[in-house]
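This report refers to the structure that appears directly beneath it.
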Amino acid sequence: PMRPQLMVVKGAVLFGLQKGSTIQSRVARFTYGFDTYVEYQPSNPDHVRRGFKWVTSDGVQQRYVKVGEFRPLVKKGDKIRVSDTHSEHGFVPLGDDQTEVCFTLYSSTNPTACFADEPGMKDIGRVTVPCVRGQCSGVAMSFGNTEILATAKNESTGVVQNAHISFNFNNL
């Protein structure tokens, strides 16, 4: 359903975010980040509760926590400049036969969330980049418009993939 009042607000925000405008930053309403798999530690109760999965890496079976560890790029309450990009790099494929790295992106109402299955976590999209063993990848998010731009990059080949994640104006 069309909501004319929200379209007016969205238009005003777009106008205010134009280059040279007076809007230079905003405060994050949520914590934004992605999940990454970590090696299973049987002495860690968080790992035991979530279980593990086997992955063949360099010909050896290794255990990883089934649920990804949440890695925040921006925390709820952070001041975000509209021109900034928030990123992390150095991620490698886990398995020998892996041909891509997929970053699942989340928003959370909990600024201290540690795993992707915690209360308040919402899957807001994915961005995948071709990446094989021996190559590294990274993920970046920017918040400079009325949508979030997420980018994954294979740092070895330079291949970049983009994903646009729209803010949900119906929840304002």
- Identify whether Trp54 and Leu94 are in the same connected component of the hydrophobic contact network (ILVMFWY, side-chain heavy atoms under 4.5 Å). no
- Task: Just grab all the side-chain hydrogen bond (donor to acceptor under 3.5 Å, both in side chains) pairs involving residues 123-132, residues at least two apart or on different chains.
- Result: Asp123-Arg126
- Item | Check: Gln61 main-chain N/O paired with Thr56 side-chain donor or acceptor under 3.5 Å | no
- Task: Can you sort out the partners of Asp97 under side-chain hydrogen bond (donor to acceptor under 3.5 Å, both in side chains), two or more places apart, ordered by chain and number?
- Result: none
- Message: If I take atom OG from residue Ser108 and atom CD from residue Glu118, how far apart are they, to the nearest 0.5 angstrom?
- Response: 7.5 Å
- Message: Angle between ring planes, Phe52 versus Tyr40, binned at 30° and 60°: parallel, tilted or perpendicular?
- Response: tilted
- Message: Let me confirm one number: the CZ-SG distance from Phe34 to Cys102, rounded to the nearest 0.5 Å.
- Response: 12.0 Å
- Query: Of all heavy-atom pairs between Cys131 and Ser137, which one has the smallest distance, and what is that distance?
  - Reply: SG-CB, 4.1 Å
- Message: Give me each pair satisfying side-chain hydrogen bond (donor to acceptor under 3.5 Å, both in side chains) with a member in residues 64-77, each pair once, sequence neighbours excluded.
- Response: Gln62-Tyr64, Arg71-Glu88
- salt bridge (Lys or Arg N to Asp or Glu O under 4.0 Å) with Arg63: which residues, sequence neighbours excluded? none
- Treating Ile, Leu, Val, Met, Phe, Trp and Tyr as nodes and any side-chain heavy-atom pair under 4.5 angstrom as an edge, say whether Met121 and Phe103 lie in one connected cluster. no
- Task: Could you tell me which residues satisfy side chain to side chain contact (heavy atoms under 4.5 Å, CB included) with Val160, sequence neighbours excluded, listed by chain and number?
- Result: Thr151, Lys153, Asn162
- Those residues that, when tested against Tyr106, pass ring pair (Phe, Tyr, Trp, His ring centres under 6.0 Å) (two or more places apart): none
- Query: Would you say Asp58's side chain and Val60's backbone share a donor-acceptor pair under 3.5 angstrom?
  - Reply: no
- Message: Checking Glu155 now: which residues fulfil side-chain hydrogen bond (donor to acceptor under 3.5 Å, both in side chains) with it, not counting sequence neighbours?
- Response: His89
- Between the CG atom in Leu73 and the OG1 atom in Thr85, the distance rounded to the nearest 0.5 Å is 10.5 Å
- Message: Run the side-chain hydrogen bond (donor to acceptor under 3.5 Å, both in side chains) test against Thr157 and tell me which residues pass, sequence neighbours left out.
- Response: Asn154
- Spacing of Gln41 atom CD and Asn44 atom CG [to the nearest 0.5 Å]: 7.5 Å
- Task: Report the residues that fulfil ring pair (Phe, Tyr, Trp, His ring centres under 6.0 Å) with His86, sequence neighbours left out, ordered by chain and then residue number.
- Result: Phe143
- Note on the structure: By side-chain hydrogen bond (donor to acceptor under 3.5 Å, both in side chains), Thr112 pairs with (sequence neighbours left out) Asn110
- Summary of salt bridge (Lys or Arg N to Asp or Glu O under 4.0 Å) pairs that have at least one residue in residues 99-117, sequence neighbours excluded: Arg50-Asp117
- Met141: which of Leu149, Ile80, Leu105, Val127 passes side-chain contact (heavy atoms from CB on, under 4.5 Å): Leu105
- Item | Set of ring pair (Phe, Tyr, Trp, His ring centres under 6.0 Å) partners for Phe70, sequence neighbours left out | none
- Query: So, Arg133 versus Ser57: side-chain donor-acceptor pair below 3.5 Å or not?
  - Reply: yes
